[in-house]
Amino acid sequence: MGVPTSALDLYMINGFKQALDEVGGIEIVSQQAAAYDPTKARSITASVLQQHPDLCGSFGVWDSMDTGTGAAIKEAGKEDQVFVVTSGAGAATACEKIREGLWDMEIAWDARLQGTALNVVISDALQSETEAGAETRRFFTPNRIITRENMTEGSCWQPEDIL
């Protein structure tokens, strides 16, 4: 995880643990914070691999940080043994890292869609006569799972897509 006090990290880790509970039979051997720093993630992962040479998977909450995780696994020669799952906005770099074999899967949210939703909410609030705080709104955007097997030309967005 990035930091233990991040709501994003806590919700994602909680969801991940719930999914593991549903599958059953998988033990979490380490949960550490790398402060969104790929260098720290690399170091932590290298230590975990030494302590648990039979490690079969790694889940990270931020793809840029998990470049370090993937690098440590690759350096240990365990890329065929350890399944690496990360999450992020589905940018072009995610598809590059999956192609390179640093990650096996990215759970991607569409930052462009979230930005559009936020702009609609702001525009609506500015035009509304409703008193501030009188309404609560939630927007849920779909996640996409990106792997080598399902990756296509448009799986990951390019920076020019948002300009």
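Numbers here are sequence positions counted from 1. Side-chain atoms are counted along with the backbone in the values below, which use heavy atoms only and exclude waters and symmetry mates.
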Thr69 side chain reached by Thr86 side chain, heavy atoms, under 4.5 Å:
no

Are any side-chain N or O atoms of Lys40 and backbone N or O atoms of Gly2, one a donor and one an acceptor, separated by less than 3.5 Å?
no

Can you measure from OG1 (Thr39) to CD1 (Ile44) and round to the nearest 0.5 angstrom?
11.0 Å

Which distance, rounded to the nearest 0.5 Å, do you find between the NZ of Lys74 and the CH2 of Trp103?
12.5 Å

Do Gln31 and Pro4 come close enough that some side-chain heavy atom pair is under 4.5 Å?
no

Side-chain H-bond candidate by donor/acceptor type, Ser47 with Gln51, under 3.5 Å:
no

Residue from Val84, Leu55, Ile73 passing side chain to side chain contact (heavy atoms under 4.5 Å, CB included) with Thr45:
Ile73

I'd like to check Trp62 versus Asp9 (side-chain heavy atoms, cut-off strictly below 4.5 Å). Are they in contact?
no

For the residue pair Asp54 and His52, establish whether any side-chain heavy-atom pair is separated by less than 4.5 Å.
yes

Check this for me, if you would: do Asp66 and Lys97 make a salt bridge, where the nitrogen-to-carboxylate-oxygen distance has to be below 4.0 angstrom?
no

Between Phe59 and Leu10, is there shared hydrophobic-cluster membership here, with clusters defined by ILVMFWY side-chain heavy atoms closer than 4.5 Å?
yes

Where the side chain of Asn119 meets the backbone of Gly115, is there a donor-acceptor pair that is under 3.5 Å apart?
yes

Taking the side chain as C-beta and beyond, is there a heavy-atom pair between Leu49 and Val82 under 4.5 Å?
yes

Can you tell me how far CD1 of Ile26 sits from NZ of Lys17, rounded to the nearest 0.5 angstrom?
14.0 Å

Return the minimal non-hydrogen interatomic distance between Cys95 and Ile146, and the atom names on each side.
SG-CG2, 4.3 Å

Do Asp104 and Arg148 have side chains that approach each other closer than 4.5 Å (heavy atoms only, starting at C-beta)?
yes

Tell me whether Met12 is reachable from Val23 by hopping between hydrophobic residues (I, L, V, M, F, W, Y) whose side-chain heavy atoms are closer than 4.5 Å.
yes

Say you draw a straight line from CD1 of Ile13 to CE of Met1; how long is it, rounded to the nearest 0.5 Å?
5.0 Å

Minimum side-chain heavy-atom gap Val61-Leu8 below 4.5 Å
no

Atom pair CD/CD of Glu79 and Glu100 - distance to nearest 0.5 Å
12.0 Å

Between Thr147 and Asn150 the two heavy atoms that sit nearest each other are N-OD1, 2.8 Å

For the hydrophobic clusters of this structure (ILVMFWY residues joined by side-chain heavy atoms under 4.5 Å, transitively), does one cluster hold both Leu126 and Leu118?
no

Kindly give the heavy-atom pair with the smallest separation between Ser30 and Val48, and that separation in Å.
OG-CG2, 3.5 Å

Looking at Ala89, is its backbone amide N or carbonyl O close enough to the side chain of Gln114 to form a donor-acceptor pair, meaning the two atoms are under 3.5 Å apart?
no

Just how far is it from atom CD of Gln81 to atom SG of Cys56, taken to the nearest 0.5 Å?
8.0 Å

Closest non-hydrogen atom pair, Ala34 against Met65:
CB-SD, 3.5 Å

With clusters defined by side-chain heavy atoms of hydrophobic residues (ILVMFWY) lying less than 4.5 Å apart, directly or transitively, does Trp109 cluster with Val85?
yes

Check whether any side-chain heavy atom of Thr152 sits under 4.5 Å from a side-chain heavy atom of Ser155, and report yes or no.
yes

With the 4.5 Å side-chain cut-off for hydrophobic clustering, are Phe83 and Ile145 part of the same group?
yes

